[in-house]
There are 2 protein chains.
Amino acid sequence: MPSINALAETAALVGDPARAAMLAGLMDGRARTAGELAALAGITPQTASGHLARLTEAGLLAMERQGRHRYHRLASAGIARMLEGIMAVAEGAAPAARQARSFGPRDAAMRAARTCYDHLAGQLAVALADAMVARGVLELGPDGGAVTAAGEAFFESLGIPMAHPGRGRIFCRPCLDWSERRPHVAGVLGAALCTRCLELGWVRRRAGGRTLLVTPEGARGFREAFGVEVPAAP
Amino acid sequence: MPSINALAETAALVGDPARAAMLAGLMDGRARTAGELAALAGITPQTASGHLARLTEAGLLAMERQGRHRYHRLASAGIARMLEGIMAVAEGAAPAARQARSFGPRDAAMRAARTCYDHLAGQLAVALADAMVARGVLELGPDGGAVTAAGEAFFESLGIPMAHPGRGRIFCRPCLDWSERRPHVAGVLGAALCTRCLELGWVRRRAGGRTLLVTPEGARGFREAFGVEVPAAP
DNA sequence: CGCATGCTTCGGCCTGGCGCGAAGGATCAG
DNA sequence: CTGATCCTTCGCGCCAGGCCGAAGCATGCG
């Protein structure tokens, strides 16, 4: 059974603390240099180099050279989804052992809002998902999500175009938020929503991480469009 | 960042060939004894025992004692989903290196039809998914799926009740078939479809594995209900 | 009651692979 | 060209952890 070996090999790649830290550091979908990733994982550059080579060889990472820098990023959204899946199990399945620990990121700002590869996560994302469901623009179940007929107008008005491949409403999925333990919106719709919020200046990235800060315009926008009260970040 | 350590620990649990083999052997959702799993992984019972204890401790497996046997199974469908996610990356992301190998299971019967935790997989499952999309009873996108209005009647007529929580149609998700490399139907709908096919006697399990055999009634049923030609297994 | 079976625990061997230091390209600035 | 970065390759020490043999508990059967 060749696939079982492949399963173990892939999991083992993620199963090293240093590599896991580097992969997690790339979960925001952006590319970073080997040096940055080494620092992030708490190892020396030469050790990181070896890890990065193996991850790239296995197809988990993609590398791009730019002058004397080499930028590494996740090879595809599928990789990020796999990592999300493992994280969900890691945080959720562990029984008594780590019940004492607090879940998810310690940083309050990161709990409030962050990116999860290409979509929004954190309290903000969960609140938006709840609001969209409550307003009937979105349906969300444990295994899928879809924009309603009414929802198409809503998203168009936000500046998110509704492409129509097939019948076109199936491009949304739930993603278990690891600080909130409740689903938020991922998939194509989640990515578009995240992009649009950045475009509108409703949120901006905090330097060097996945954390997002809600701007004053964002606080107003989320209140007016979604009926959600989000405090602007200081 | 505690969660990164949890990520690595969980992945490392899957990242051992013996443990991966045992987990993969439980992907059909049924429970097996430690001895069976040991044989499956090609290790002695005492080694398997240690692995099983760790997997159970970590919350990946659940154990149930029955007389002098102890039955182990995946702790939840979420675990199976995580494993599917890793498999998809393992089979899909590997570049040139393993391009020569044939994908997926060698066994022809297993490629034809099998279970994937709680739903159908293999050529049969992909054909059914295609047929359902073509007949307009199902919409399927990369990130989600939904039963159409017309589809509700179709599934009711098959004997699959359409529960209506919320608006009720969001309980379906695509799952990348690892032998076919195309999506089939998973989620609540996929599980119900699989259960119903077993109930109707359209497929039956081959002893001791995930492989499914299509019965003569199944061949007729799939042709009449789905317009899909599936040869009955010998 | 004693034996067989299934599983676990214990102790010791051994290998895989992680990590670092040192040295060897590659790229850019001046 | 020379030096400064950034990254990689090489070689070695080291240790976690996988594996098994042997022995120890449980359960069920005759």
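Chain naming here is simple, since letters A, B, ... match the order of the sequence lines and numbering starts at 1 in each. All values below come from the heavy atoms of this structure, side chains included, with hydrogens, waters and symmetry mates left out. Source: prediction; values computed, not measured.
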Checklist entry - Given the rule in the side-chain contact (heavy atoms from CB on, under 4.5 Å) test, do B:Leu52 and B:Met63 qualify, once you have shown the distances and angles that lead to the verdict? => result CA-CA 9 Å; B:Leu52 291 169; B:Met63 195 258 285; over 6 Å; no
Checklist entry - How far apart are the C-alpha atoms of B:Leu212 and B:Arg204, what are their side-chain angles, what is the distance that settles it, and do they pass the side-chain contact (heavy atoms from CB on, under 4.5 Å) test? => result CA-CA 6 Å; B:Leu212 292 175; B:Arg204 58 190 172 77; over 6 Å; no
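In this structure, B:Arg54 reaches the sugar-phosphate backbone alone: every heavy-atom distance under 4.0 Å involves primed, P, OP1 or OP2 atoms, never a base.
One N or O on the side chain of B:Thr10 and one on the backbone of B:Ala6 form a donor-acceptor pair closer than 3.5 Å. With A:Arg114 contributing its side chain and A:Asp28 its backbone, the two residues share no donor-acceptor pair below 3.5 Å. Side chain of B:Arg32 to main chain of B:Leu37: no donor-acceptor pair is present (N/O by atom type, distance under 3.5 Å, no hydrogens or angles). With hydrogens and angles ignored, the 3.5 Å screen pairs a side-chain donor or acceptor of A:Thr215 with a backbone N or O of A:Gly201. When atom types are taken as modelled, the side chain of A:Arg210 and the backbone of A:Thr115 share a donor-acceptor pair closer than 3.5 angstrom. Remark: the backbone N or O of B:Ala12 is paired with a side-chain donor or acceptor of B:Arg19 at under 3.5 angstrom.
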Name each donor-acceptor pair under 3.5 Å that joins a side chain in residues 184-196 of chain B to protein atoms two or more places apart or in another chain, with its distance.
{"residue": "B:His184", "atom": "ND1", "partner": "B:Asp177", "partner atom": "OD2", "Å": "2.9"}
{"residue": "B:His184", "atom": "NE2", "partner": "B:His119", "partner atom": "NE2", "Å": "3.3"}
{"residue": "B:Thr195", "atom": "OG1", "partner": "B:Ala191", "partner atom": "O", "Å": "2.8"}
{"residue": "B:Arg196", "atom": "NE", "partner": "B:Leu158", "partner atom": "O", "Å": "2.8"}
{"residue": "B:Arg196", "atom": "NH1", "partner": "B:Glu199", "partner atom": "OE1", "Å": "2.7"}

List, one per line, each side-chain donor-acceptor pair under 3.5 Å for residues 74-82 of chain A, sequence neighbours excluded.
{"residue": "A:Ser76", "atom": "OG", "partner": "A:Gly78", "partner atom": "N", "Å": "3.1"}
{"residue": "A:Ser76", "atom": "OG", "partner": "A:Ile79", "partner atom": "N", "Å": "3.4"}
{"residue": "A:Arg81", "atom": "NH2", "partner": "B:Asp143", "partner atom": "OD1", "Å": "2.7"}

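From one end of the helix from C:dC1-D:dG30 to C:dG30-D:dC1 to the other, with five pairs defining each end axis, the axis direction shifts by 20° (rounded to 10°).
Residues from residues 37-53 of chain B with heavy atoms under 4.0 angstrom of DNA chain D, sorted by number: B:Ile43, B:Thr44, B:Gln46, B:Thr47, B:His51.
Protein chain B touches strand DNA chain D; the 5'-most and 3'-most nucleotides with an atom under 4.0 angstrom of its non-hydrogen atoms are D:dG18 to D:dG28. Using a 4.0 Å cutoff to heavy atoms of chain A, the contacted part of DNA chain C runs 5' to 3' from C:dC18 to C:dC28.
Atoms CD1 and CG, on B:Ile43 and B:Asp16 in that order, are 8.0 Å from each other to the nearest 0.5 Å. Rounding to the nearest 0.5 Å places CZ of B:Phe155 at 7.5 Å from SG of B:Cys172.
Two residues, A:Gly35 and B:Arg19, neighbour DNA chain D, and the one matched to the more 5' nucleotide by heavy-atom proximity is A:Gly35.
Between B:Glu84 and B:Tyr117, the closest heavy-atom pair is OE2-CB, 4.5 Å.
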